[in-house]
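Here's the structure, in structure tokens; my notes come after.
No experiment lies behind these values; they were computed from the predicted model shown.
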Amino acid sequence: MDARDPDLKKELDAALQTRKELGAEYESELVDSFMEKVEQRFNDTADRHVRRQLAEQQMATARGARPYATGTQPDQSHGLGVGERFAFVGVSLVLAIPLSAIGVVNEGLPGLLITWAGIFGVNAVHAMGGFSWLRRGRKEEESGVQVPRP
């Protein structure tokens, strides 16, 4: 038992002592009771963690940062959110099926390899933070400011 939770250790010791006193016929009830206490402790811990994460996200949003930004600092709002990244990868994989078929039908194995090299390249550029022109356009739309482009 981990020493970080002395209350749970006391509960386990009490359950073991009770089993010694009552015998094996009450073992399943004692185990169920102890497991309910463990589950409740886990749920309480998870609830505290979720509330803390939500509070941190609200603070980041209040400060003007995006809560799921890929930047290392909370005020770096230049990254894409988890949902946006997942959607990009999902769309690229869905489009990979017909593109692969087209490449194989027209050029065979070299066409397939070229198709997948392109898919890999687009995803690699996206993962490294490329496509800044797209994010810049999105920021301009959100702020309502038009910046002349070269």
Side-chain angles (χ1 to χ4, degrees), residues 1-104 112-147:
M1 178 74 16
D2 193 1
R4 290 183 290 169
D5 197 349
D7 293 333
L8 201 55
K9 183 173 179 7
K10 288 178 187 176
E11 293 289 340
L12 178 60
D13 290 339
L16 291 173
Q17 187 64 32
T18 304
R19 186 202 179 274
K20 287 179 187 175
E21 293 173 6
L22 296 177
E25 58 270 3
Y26 293 103
E27 185 172 329
S28 65
E29 289 84 2
L30 291 170
V31 170
D32 289 342
S33 173
F34 179 72
M35 291 306 296
E36 286 176 12
K37 292 174 185 174
V38 170
E39 183 179 3
Q40 183 62 41
R41 184 67 50 95
F42 175 78
N43 288 338
D44 293 344
T45 303
D47 288 343
R48 279 195 311 270
H49 178 72
V50 168
R51 283 194 304 270
R52 184 176 63 233
Q53 291 291 337
L54 288 173
E56 288 174 2
Q57 289 175 5
Q58 289 173 349
M59 290 297 293
T61 302
R63 291 181 181 142
R66 293 175 53 195
Y68 292 108
T70 57
T72 56
Q73 300 297 325
D75 61 344
Q76 290 179 326
S77 61
H78 63 276
L80 293 175
V82 173
E84 292 175 75
R85 285 184 273 154
F86 182 75
F88 187 87
V89 170
V91 168
S92 70
L93 289 176
V94 167
L95 291 177
I97 296 168
L99 291 174
S100 296
I102 292 168
V104 168
L112 180 65
L113 294 176
I114 290 171
T115 301
W116 275 96
I119 293 167
F120 176 79
V122 167
N123 280 289
V125 168
H126 181 263
M128 292 184 334
F131 306 128
S132 61
W133 56 272
L134 181 61
R135 284 193 307 276
R136 182 175 49 235
R138 189 179 309 141
K139 285 182 185 176
E140 291 170 3
E141 288 175 4
E142 290 172 358
S143 66
V145 176
Q146 291 293 329
V147 177

May I ask you to test the Val122-Phe88 pair for a side-chain heavy-atom distance under 4.5 Å? yes
[atom1]-[atom2] distance between [X] and [Y], expressed to the nearest 0.5 angstrom:
X	Y	atom1	atom2	result
Ile97	Ile102	CD1	CD1	12.0 Å
Ser100	Ile114	OG	CD1	12.5 Å
Leu16	Leu12	CG	CG	4.5 Å
Glu56	Thr61	CD	OG1	11.5 Å
Gln53	Gln57	CD	CD	6.5 Å

Taking side chain to side chain contact (heavy atoms under 4.5 Å, CB included) as the definition, give me every residue that meets it alongside Ile119, ordered by chain and number, with sequence neighbours left out. Ala96, Thr115, Trp116, Asn123
Step by step, would you call Asp13 with Lys9 a salt bridge (Lys or Arg N to Asp or Glu O under 4.0 Å)? CA-CA 6 Å; Asp13 290 339; Lys9 183 173 179 7; 3.7 Å; yes
Expected list for residues 27-37: side-chain donor-acceptor pairs under 3.5 angstrom, two or more places apart:
unit_1 : atom_1 : unit_2 : atom_2 : d
Glu27  : OE1    : Arg19  : NE     : 3.0
Glu27  : OE1    : Arg19  : NH2    : 3.0
Lys37  : NZ     : Glu11  : OE1    : 2.7

Atom of Glu25, atom of Leu22 and distance for their closest heavy-atom approach: OE2-O, 2.7 Å
